[in-house]
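This report concerns only the one structure given below.
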There are 2 protein chains.
Amino acid sequence: MVDTTADSDLLDLRKGRPAAGQDPVKRAQIIEGARRVFIDKGFEAASMNDITREAGVSKGTIYVYFENKEELFEALIEEERGTIFKNMYEVLDHFEDLRKTLVKFGTGLSIKITSAKVIQAQRTVVGAADRIPELGARFYERGPKRGHDKVVSFLNEAIARGLLEIPDVDLGAYQFTELCLAGLFRQCIFSYRTKAPSQAEIEKIVTSGVDVFLKAYGTEKFFAEERASASA
Amino acid sequence: MVDTTADSDLLDLRKGRPAAGQDPVKRAQIIEGARRVFIDKGFEAASMNDITREAGVSKGTIYVYFENKEELFEALIEEERGTIFKNMYEVLDHFEDLRKTLVKFGTGLSIKITSAKVIQAQRTVVGAADRIPELGARFYERGPKRGHDKVVSFLNEAIARGLLEIPDVDLGAYQFTELCLAGLFRQCIFSYRTKAPSQAEIEKIVTSGVDVFLKAYGTEKFFAEERASASA
DNA sequence: AGCAAATCGAACCGAGTGGTTCGAAATATT
DNA sequence: AATATTTCGAACCACTCGGTTCGATTTGCT
């Protein structure tokens, strides 16, 4: 709307002081304040004044960096999504022992998804999803959905190696993920659980989940190999 | 606070006109308006004036029936929970064919949980769970948790009959439920899916989920009986 | 030091907030 | 018809909302 940079839209080569609304440090500062407010109050209850206070930045400045409340919220969620799902799937990149890999991935996933911070963030997104459906969809698409795709291709690799036999790989991937969570997500997001599950509990759940999954989809070859390496 | 019934706190035997704030019809009317507003705006964004308008009841009257906004919201959620989980578990009461019963129950559960109306209601609860954790906890406890307990006792019966072998029945029940949903809940609640899944899709998922579950936990006896009845 | 620009801070806008109050109107019992 | 009481409807309270504006201040470069 307001062209703060005058007629300099051709090229901006200023190296020193960042242009208005372009300083990444200040931007981060604003988002950090927004994070605290949005995540513990939700979209509606959060006020721009709260964020102003929490970020230690004047209201006018915030509006230089972000068009309005909704855009600021979206920027925050986008960032949250990025940090939440970062490094979550790389354990699937190098195919080694099937069972161990599944357990390792499932444990990491389960710990992340049910951690207090992440649950709060997800609640915020869910709460806003009714008013801004695209936001929730984008969050899912670039977060959980991407992970799901990684699981699918991992399972496909296992199938190619003759270790698994899955009629519907896409469905199988969902089943695997859900088995690793086994109710934890719902319990956490409804705040039936007020604390994140312990490492021990998660390990128990994931181990059992992988067990069920492999009993259902593991091939003879897989079990034979496992027996062989166990007696070695 | 305000004693509208004067000094009649000993006994109120008036049979005709209901006492102030006691007419169940008017109460239902208020809650119906509250439902529409709360569920499509969320707790924070909903205003008492919206509800006044939607319910066709004056603001003063609402405050006769409910102490404040939060109490009205809780009353609504309590009712929603009741209608959502009504009649959902009775299919587990009469033990007949194991696989068929599991499929039937899983299908019903999956359809309910992912229906547009119920998803909206759940989103509202989740969104509010950050500010009113007890509300979310109560919702889960008297809804999903009760269903979980029913599943547990059903599985125990199946174990007693020698059809299943489950090391941790509680965990097994969670696994079963999650297998029946297989990602649908998360997709719906994040509004990644904007429409409820089709009957066909749910049946496919549930059938496969039950399959996985039985492959993991079904006993020799169970499979023998199933083969026998199949060739009959 | 001088200068240009980004940030601050506070005021302002109209609208709406939950909650409360109270006389007028509607209602059902007697 | 008279009576008792619930409900209505509108006004009011002090406050906050998101958003905008603008002069004063600070900042960092030349």
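By convention in this document, chain letters (A, B, ...) are assigned in the order of the sequence lines, proteins followed by strands, and residues within each chain are numbered from 1.
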With respect to the phosphate group of [N], does any side-chain polar atom (N or O) of [X] fall under 4.0 Å of OP1 or OP2?
X: B:Ser58; N: D:dC8; result: yes
X: B:Ser47; N: C:dG16; result: no
X: B:Lys26; N: D:dC8; result: yes
X: A:Asn49; N: D:dT16; result: no

Can a donor-acceptor pair be found, under 3.5 Å and without considering hydrogens, that links the side chain of [X] to the backbone of [Y]?
X: B:Arg193; Y: B:Cys188; answer: no
X: B:Lys150; Y: B:Asp93; answer: no
X: A:Glu32; Y: A:Ala28; answer: no

Discussion item. Below 4.0 angstrom, which residues in residues 30-46 of chain A have at least one non-hydrogen atom near DNA chain D?
Written reply: A:Ala46
Worksheet entry | Shortest non-hydrogen contact between B:Ala45 and B:Asp50, atoms and distance |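 So the minimum-distance heavy-atom pair works out to O-OD2, 4.2 Å.
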Worksheet item: Is the NZ or CZ atom of A:Arg146 both under 6.0 Å from the centre of the six-membered ring of A:Phe85 and within 45° of that ring's axis?
Response: no
Practice prompt. Consider only side-chain N and O atoms of B:Tyr174 and A:Gln187, and report whether a donor and an acceptor are under 3.5 Å apart.
Written response: yes
Worksheet item: Are B:Thr107 and B:Ser110 close enough that a side-chain donor and a side-chain acceptor fall under 3.5 Å?
Response: no
Roughly how many Å is it from [atom1] in [X] to [atom2] in [N], rounded to a whole number?
X: A:Glu70; N: D:dC17; atom1: CD; atom2: P; value: 18 Å
X: B:Ile51; N: C:dG19; atom1: CD1; atom2: C1'; value: 13 Å
X: A:Met48; N: C:dG16; atom1: CE; atom2: C1'; value: 18 Å
X: A:Lys59; N: D:dT21; atom1: NZ; atom2: P; value: 13 Å
X: A:Asp50; N: D:dG19; atom1: CG; atom2: P; value: 14 Å
X: A:Tyr63; N: C:dC8; atom1: OH; atom2: P; value: 15 Å
X: A:Ile62; N: D:dT20; atom1: CD1; atom2: P; value: 13 Å
X: A:Gln29; N: C:dC8; atom1: CD; atom2: C1'; value: 12 Å

To the side chain of [X], which of [options] is closest?
X: B:Lys69; options: C:dG19, D:dT7, D:dG18; result: C:dG19
X: B:Thr61; options: D:dG18, C:dG19, D:dT7; result: D:dT7
X: A:Tyr65; options: D:dT7, D:dC17, C:dT7; result: C:dT7

